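Everything on this sheet refers to the single structure shown next.
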Amino acid sequence: MDDRRDDAETIFAAEFPPATREQWRILVDKGLKGVPFEKRLVTRLYEGIAVQPLYTADDWPAAGDPSGLPGFAPFTRGGHAAGPGPDGWDILTEHDAADPKAANAAILTDLLRGATAIRLRFDRPDSPGIAIDRLDDLDRALADVYPEMVPLSLEAGGDAVSGAALLAALWRHRSVTPDKARGAFNADPIGTLAAAGALPGSLEAALADTATLAAWTARNFPHVTAVGVDSSPWHDAGATESQDLAAAMATGVAYLRALTAAGLDIDTACRQIAFTLSVGCDQFLSIAKLRAARRLWGRITEASGASEAARAMHLTARTARRIMARRDPWVNMLRTTVAGFAAGVGGADAVAVLPFDAALGESDDFARRIARNSQILLKEESSLARVADPAGGSWYVETLTEQLAQAAWAEFQDIERRGGIAAVLADGSFARAIAGSWAQREANIARRKDPLTGVSEFPNILEQPVSRPVPTLRERNAAPAAPASVESGSIDDVVEAAIGGATRAGLTAALARETPARVEPLPRHRLHESFEALRDAADRHKLAHGSWPTVFLANIGPVAQHTARATYAKNLFEAGGIQALGNNGFPDAESVAAAFRVSGARIAVLCGSDALYEAHAAPFAQALKAAGVEHLFLAGNPGDRRADLTAAGIDEFVSVGCDVLSVLRATLARLGVPL
């Protein structure tokens, strides 16, 4: 049997010899029929990377393996030799319900149904969250939660040290011994300054307090980290993935400098820093991003003198906020599932999947359930967590990881040359670079080169809206909080004050020193928010006038011959909230003109095949203009007939690649819809 199989393989190899890349390219060029290979088959990312249609062993070094092994330097393939471990990555759920009691109900539900880690987002002057002022509030939010069993992490912004004191006080109140406490305080003054534009004191003082907190945490809590690097302010502002990685690395370096300057050895400093990175729904780019992040941090910490064991990054991946749509939010389930899959394959230690309704307000039980279950399915039914670095060895992923790491490293070096992350945040230069990246992305979004299903592509104008309570900021006294009584600046004294009933605001006020830091906060964007703004304007019009603004589809001929262009036109205009009035097509100019007169529309779109346009576009256009059409579109590229069709009455042509956003804005303006 084996001999026969060998003979078959020999015969197959003789009949179908493996093609070389050059032979493959000759065949591809033949199939492209003169269309440039680079234009049709090469994708260019915002990071400046050209993604090829084919990757082979020639794209990755044959000698050795630059990615190493899982659990070993350079940590590209993960921080643990056996992958994420027997239980896989932590399913992290984030909570920001304003009422501590409501937050507690959601936390308990999550823990009972699959979540393995909890993050609490405290309310802040610039951001809604859980209203936790005192230890009692935190105790209520975590009622019936066993802190020694569940990793607890915080997102407290400028109140990071006082928030850490409250959590430490809770552990003491619950008799959780220091060796049993697990979690992260996530002090991140640079990220807070970037997102909120302000700190209670100076950035220098905040960095010093962060270093003090890290030293205290290292002495007292072996399974807790004090410092967090959350790159979401940069990502939410529109950064490319390489810019996002560069900002994260530069922030991590700033914290390393602060911690070592305060006396921590480099290994202890490294172990006190945890990272949170946003991942989008570009599956392979997101996988490469997490792998590149570990490679970059491993290189930085190696250069800083850290031991190999201390160079491993603790990495949480959060599905990106900017991919979340408000329109047709159910499609967000697909986007977050892809992002969650990428996070698991990319080797994250913990993954936070946003509920599909996260962009609308406070998520409900069903949305949180779907967010949890998507991870449970990936871990337990798809068995992703049982494989160490599933993407390892993929020529495409390995190459993309290296290219992304190189691009991010160049950005990181540029930040360092200009004085570091604090300097480029203060002078606004990095924010301007991110704004440039966002403008480039918006231009592609406007042309639907970067489509978003349910928003810019395949919108459902008749969808039933999903509503959620919108969180609001708490009303606060205009006067600053009275400082709590803290005998010294030590963290132990702050914890004692928290146990004694001091408020979070009072503790922060007691710690604040020097003039508060102020910068221009980074904006927060969502992909295709510009399209959703048009839908909002159209909805307001419907509320005021009883109907949406409309366009009439002047379909030429039978359904089979006009449906492609009619579908394109319907999707295009309804992406801006302009209802497309459809029909089964018209055989002649007189019938289309009669139908338009009774439609109530003022604008029309000719839709048909190229052959039908040749014979009927001109007479249809003339009849429609005579019937009162104020602005007449033609769906398709007119080619050499542009001048003739324009003379016949066509005012504008829409086709793949046109600036859809500009077309929609102008059309709404013609229809009297204020934007």
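The analysis underlying the following values was restricted to heavy atoms, covering all of them including side chains, and did not include hydrogens, waters or symmetry mates. In this text the structure is predicted, and so the values were computed from the model without any measurement.
Under the salt bridge (charged side-chain N to carboxylate O under 4.0 Å, His left out) criterion, R441 pairs with no residue, sequence neighbours left out. Partners of R140 under the salt bridge (charged side-chain N to carboxylate O under 4.0 Å, His left out) rule, at least two apart in sequence or in another chain, are D137. In this structure, the side-chain hydrogen bond (donor to acceptor under 3.5 Å, both in side chains) partners of Q406, at least two apart in sequence or on a different chain, are E402. Every residue two or more places apart in sequence or in another chain that forms a side-chain hydrogen bond (donor to acceptor under 3.5 Å, both in side chains) with T116 is listed here: D90. Under the salt bridge (charged side-chain N to carboxylate O under 4.0 Å, His left out) criterion, R468 pairs with D357, D364, not counting sequence neighbours. Contacts of E532 classified as side-chain contact (heavy atoms from CB on, under 4.5 Å), with partners at least two apart in sequence or in another chain: A325, R326, R327, V455, R526.
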Worksheet item: Is there a side-chain hydrogen bond (donor to acceptor under 3.5 Å, both in side chains) between W89 and Q375 once you walk through the steps?
Response: CA-CA 9 Å; W89 64 82; Q375 291 200 62; 2.7 Å; yes
Item to complete: Decide yes or no on side-chain hydrogen bond (donor to acceptor under 3.5 Å, both in side chains) for D188 and Y255, but give the supporting numbers first.
Response: CA-CA 9 Å; D188 185 12; Y255 294 153; 2.5 Å; yes
Item to complete: Take H235 and Q243, measure what side-chain hydrogen bond (donor to acceptor under 3.5 Å, both in side chains) needs, and give me the verdict at the end.
Response: CA-CA 8 Å; H235 203 263; Q243 288 173 327; over 6 Å; no
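In this structure, W438 and H525 have parallel ring planes: the angle between them is below the 30° cut-off, well short of the 60° mark.
Of the charged side-chain nitrogens involved, none lies within less than 4.0 Å of a carboxylate oxygen, so that E47 and K289 do not count as a salt-bridged pair. We find that R124 and D159 are not joined by a salt bridge, their nearest charged nitrogen and carboxylate oxygen being 4.0 Å or further apart.
Within 6.0 Å of the CZ atom in F72, the count of heavy atoms belonging to other residues, nucleotides or ligands does not exceed 12.
Proximity of R448 to L572: side-chain heavy atoms (C-beta onward) are separated by under 4.5 Å at one or more points. Side-chain atoms of H223 and P151, non-hydrogen and from C-beta on, never get closer than 4.5 Å to each other.
A pairwise comparison of heavy atoms in I300 and M249 identifies CD1-CB, 3.7 Å as the closest pair.
Test R121, R368, R119 against D96 for salt bridge (charged side-chain N to carboxylate O under 4.0 Å, His left out) and you get one pass: R121. Tested against D236, the residues R321, R318, R524 include a single salt bridge (charged side-chain N to carboxylate O under 4.0 Å, His left out) partner, R321.
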